[in-house]
Amino acid sequence: MEENLVNGIRVRFAPSPTGNLHLGGVRTALFNYIFALKYSGKFILRIDDTDRVRSKKEYEDVIKDDLRWFEIKWDEFYRQSERAFIYEKYLNTLKENGLAYECFCTEEEILKSKEIAIKSKKPYIYNGRCANLSSGEKEKLSFSLKEKGLYSSIRLNIAQVLRMDPSFYSVEFNDAVHGHLSFNSKLIGDFILKTEDNRFAYNFASIIDDYDLGITHVIRGEDHISNTPKQILILKALGKEPPVFAHISLLYGKDGKIMSKRDAASNIKYYKEEGYLPEAVLNYLAVTGNTFTVHSSKDGKKEIFEKEIFSNILEMADLLDIKKAKGSSAVLNEDKLRHINEKRLALMPAEQLIKVLTEKFQAASILAKLKEEYGEDFYFEIIDFLKNEFKTVKEILKELEIFFDDFKINLSGIKYDDGLRKALLDSFQNINDFNENSIKNIIKEAASQNSKTVKECYETLRLFITGRLDGPSILKIIKFLGKNRAVKRLSI
RNA sequence: GGCCCCAUAGUCUAGCGGUUAGGACGUUGCCCUCUCACGGCAGUAACACGGGUUCGAAUCCCGUUGGGGCUGCCA
């Protein structure tokens, strides 16, 4: 693949706006995007909305918003619904050259002959009835179709294509991930280019666009493998050369079932709500069903290791090798996503995290409040502290609440040692130098003076400061809160 | 039914004829520790099955099984 990358690389992501973007779709978009990044190519977003009934503008908007959330930026944008004249043009050339023909068969007829074929254990191939009709017959069939309120469709004439170039008896191509693939075109049958309701069929519109838009590499899900020979045949009929194909594996849901646009856990919204960083999701998506290897040498010895956590998307792009993508499908593992999110969170500088929190998680107001109450220095320190303690931004945002004066602690029904509380309060009031060490010492003193364990002191303290018995270092939290807030919470 | 893709632990993977089958997530135990998490250490768990080829197979070939896709108009 590397050899022919001298000229401009052009890739595309072509979702249909018939539902929300799901993780599998994001993964396909991502591979295209980083492929373009790696080779300084163009990434094109094309909305495949040939299905006018199911396609909705709102879904197109959701797809765009989601891609923006992930910062997957497209260089060019197209809608298939606006490009029908182009498909029409190519279809006419096919017709003029006798490579496409009008078909008057009804669904009933097709289904029936398919059923017969299956029953007799023979491959179903369209019988080509309409390939060689006289104009009189056409008129007659057309008339009877119209009487039923139906229209004719257009098929590719494969026999004619083969006559043009007999080598295409076997359609072969080198898939960048699957290697050499070959299909017998005799078994494909004359397939539909334009439907009876006057729409361009997917296989036609898609490959015409890929050609017309100058796409050099088609990176898509492996569910399209069987469509590829058809698309190649269309191009061949037009005398054009096909792009390079790379069929990446599909991502399955946690239940091992194929991802559905209706499945909550495959919807991007879920990951936003759970507080996963967009780049962590991309990082996860990139390493599942795929391997990034780094070659290094230590003491003259060559070492290879698999890279799993990236610091940014450029690094991912740089290390991408589409040939390393697995041909087998992968199952979503949210624990691993969580793990990657945690790592990426820790790696991220506080300033950058603040930017992400503001832009991607609507946290602007709470951050502004924090900054105002704690001052610039503590503001960054607190964020820096929390990002190392939690796995998701949801958890961070939740923890942020304890830093504010209006944080309510509900201790009703919870047992605590009130004497110890008073003792701690007393000690706290008398601290002059308020820092981690002095707080630590005070706790020790309080423990010995009240014949309690240090652990009990910490627990009581934690309970009155945060309302919980677990969480990040209570010493650090108290340091950030400061003497006044700490005393106030102990004074309840 | 036909054609095609795929097959290493619960999950994601390394491996490309000779390895104690490596790593990651999870999980278990221990250490660290005010708790949770992090981190450190240790453990757990896999070549779907059956034939070949070969001195030798996770690795190459064939078959079976299983999962998936396409096959009339979803993309």
Side-chain angles (χ1 to χ4, degrees), chain A residues 14-19 48-51 53-55 80 103 105-107 109-111 114-126 153-155 175 177-178 181-184 186-189 191-206 220-230 247 249-250 252 254 256 258 284 287-291 293 304-306 308-309 324 326-340 342 346 388-391 395 440 443 447 453-463 466 468-475:
Chain A
S16 67
T18 53
D48 281 10
D49 55 352
T50 53
D51 186 336
V53 181
R54 299 199 309 151
S55 293
Q80 287 198 323
C103 173
C105 296
T106 61
E107 187 178 5
E109 293 166 330
I110 297 294
L111 259 29
K114 185 173 179 181
E115 197 183 324
I116 291 169
I118 290 176
K119 269 186 185 164
S120 57
K121 302 197 176 198
K122 284 187 180 150
Y124 165 72
I125 303 165
Y126 174 64
S153 50
I154 312 281
R155 289 177 187 276
D175 188 284
V177 348
H178 293 267
L181 260 26
S182 87
F183 297 81
N184 183 345
K186 287 268 166 65
L187 293 172
I188 293 174
F191 56 92
I192 301 286
L193 302 178
K194 198 174 186 184
T195 68
E196 63 185 6
D197 57 347
N198 212 30
R199 289 169 24 231
F200 290 96
Y202 164 75
N203 280 312
F204 186 66
S206 178
R220 73 217 315 190
E222 67 174 357
D223 47 340
H224 289 296
I225 287 182
S226 311
N227 287 324
T228 308
K230 296 180 191 172
H247 290 97
S249 61
L250 265 21
Y252 287 73
K254 292 179 245 200
I258 196 151
Y284 169 73
V287 299
T288 118
N290 186 33
T291 315
T293 50
I304 301 175
F305 72 95
E306 292 163 46
E308 281 210 315
I309 313 285
K324 291 225 174 241
K326 291 262 288 187
S328 52
S329 52
V331 174
L332 179 66
N333 183 345
E334 197 175 342
D335 281 325
K336 182 98 176 212
L337 204 207
R338 241 178 113 72
H339 175 254
I340 289 176
E342 175 184 27
N388 286 303
E389 295 287 335
F390 294 98
K391 297 193 180 189
E395 291 164 3
K440 203 172 183 174
I443 291 168
T453 62
V454 172
K455 193 181 165 83
E456 284 170 317
C457 288
Y458 272 105
E459 278 173 359
T460 304
L461 201 48
R462 183 177 282 284
L463 192 61
T466 72
R468 282 187 290 132
L469 286 172
D470 60 11
S473 162
I474 194 66
L475 287 176

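Heavy-atom basis, side chains included; hydrogens, waters and symmetry copies ignored. Reminder, nothing fancy here: chain letters follow the sequence lines and each chain counts from 1.
For the residue pair A:T228 / A:H247, a side-chain donor-acceptor distance below 3.5 Å is found, with atom types taken as modelled.
Here A:R199 lies in heavy-atom contact (under 4.0 Å) with sugar-phosphate atoms only. Note on A:G221: nothing from the nucleic acid sits closer than 4.0 angstrom, heavy atoms only. Among the protein residues, A:S328 comes within range of the sugar-phosphate backbone only, with heavy atoms under 4.0 Å from sugar or phosphate atoms but none that close to a base. Across all strands, A:T106 comes closer than 4.0 Å to base atoms (heavy-atom distances). When heavy atoms are screened at a 4.0 angstrom cut-off, A:C105 is found touching base atoms of the nucleic acid. When heavy atoms are screened at a 4.0 angstrom cut-off, A:K230 is found touching the sugar-phosphate backbone but no base atom. No engagement by A:E456 is indicated, since no non-hydrogen atom pair under 4.0 Å with the nucleic acid exists. Residue A:A330 is classed as a sugar-phosphate contact, given heavy-atom separations below 4.0 Å to backbone atoms only. Within 4.0 Å of A:H247, counting heavy atoms only, lies no atom of the nucleic acid at all. Looking at heavy-atom distances under 4.0 Å, A:F183 makes contact with sugar-phosphate atoms alone, never a base. If you check every strand for non-hydrogen atoms under 4.0 Å, A:V331 touches sugar and phosphate atoms only. Looking at heavy-atom distances under 4.0 Å, A:I225 makes contact with sugar-phosphate atoms alone, never a base.
Side chain of A:L475, nearest nucleotide from B:C34, B:A37, B:C5: B:C34. Nearest to the side chain of A:K121, among B:C6, B:G1, B:U35, sits B:G1. Among the nucleotides B:C5, B:U35, B:A37, the one closest to the side chain of A:K455 is B:U35. The nucleotide whose nearest atom lies closest to any side-chain atom of A:Y124 is, among B:G2, B:U71, B:C12, B:U71. Comparing B:C5, B:A75, B:C73 by their nearest atom to the side chain of A:I192 picks out B:C73.
Separating the P atom of B:A42 from that of B:C34 is a span of 25 Å, rounded to the nearest Å. On the C1' atoms, B:U28 is 12 Å away from B:A45, given to the nearest whole Å. The C1' atoms of B:C31 and B:C38 are separated by 14 Å, rounded to the nearest whole Å. As rounded to the nearest Å, B:U11 and B:U27 have P atoms that lie 16 Å from one another. As rounded to the nearest Å, B:U20 and B:C25 have C1' atoms that lie 24 Å from one another. Comparing B:G23 with B:A46, their P atoms sit 14 Å apart, to the nearest whole Å. Nucleotides B:C55 and B:G22 are separated by 27 Å at their C1' atoms, to the nearest Å. If you take atom P in B:C6 and the same atom in B:U13, they sit 14 Å apart, rounded to whole Å.
With rounding to the nearest 0.5 angstrom, the NZ atom of A:K440 is 14.0 Å from the CD1 atom of A:I474.
The shortest distance between the side-chain N/O atoms of A:K324 and the OP1/OP2 oxygens of B:A14 is not below 4.0 Å. Close to B:C34, at under 4.0 Å from its OP1 or OP2, lies no side-chain N or O of A:S473. Between B:A14 and A:T291, a contact under 4.0 Å exists linking OP1 or OP2 to a side-chain N or O.
Here A:K119 pairs with A:E115 in a salt bridge; the nearest charged N to carboxylate O distance falls below 4.0 Å.
Partner A:T195 forms a side-chain contact (heavy atoms from CB on, under 4.5 Å) with one of A:D197, A:L193, A:N198 and no other, that one being A:D197.
A donor-acceptor contact under 3.5 Å is not formed by the side chain of A:N203 with the base of B:A75.
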Collect all protein-nucleotide pairs involving nucleotides 19-27 of chain B in which both atoms are nitrogen or oxygen and the distance is under 3.5 Å.
residue, atom, partner, partner atom, Å
B:G22, N2, A:E306, OE2, 3.1
B:A24, O2', A:E308, OE1, 2.8
B:A24, O2', A:K336, NZ, 3.1
B:A24, N3, A:K336, NZ, 3.4
B:C25, OP1, A:H339, NE2, 3.1
B:C25, O2', A:K336, N, 3.2

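For the pair A:Y284/A:N333, a side-chain contact is recorded, criterion being any heavy-atom separation below 4.5 Å from C-beta on.
Judged by distance alone, with hydrogens and angles left aside, the side-chain atoms of A:T466 form a donor-acceptor pair with the main-chain N or O of A:R462 at under 3.5 Å.
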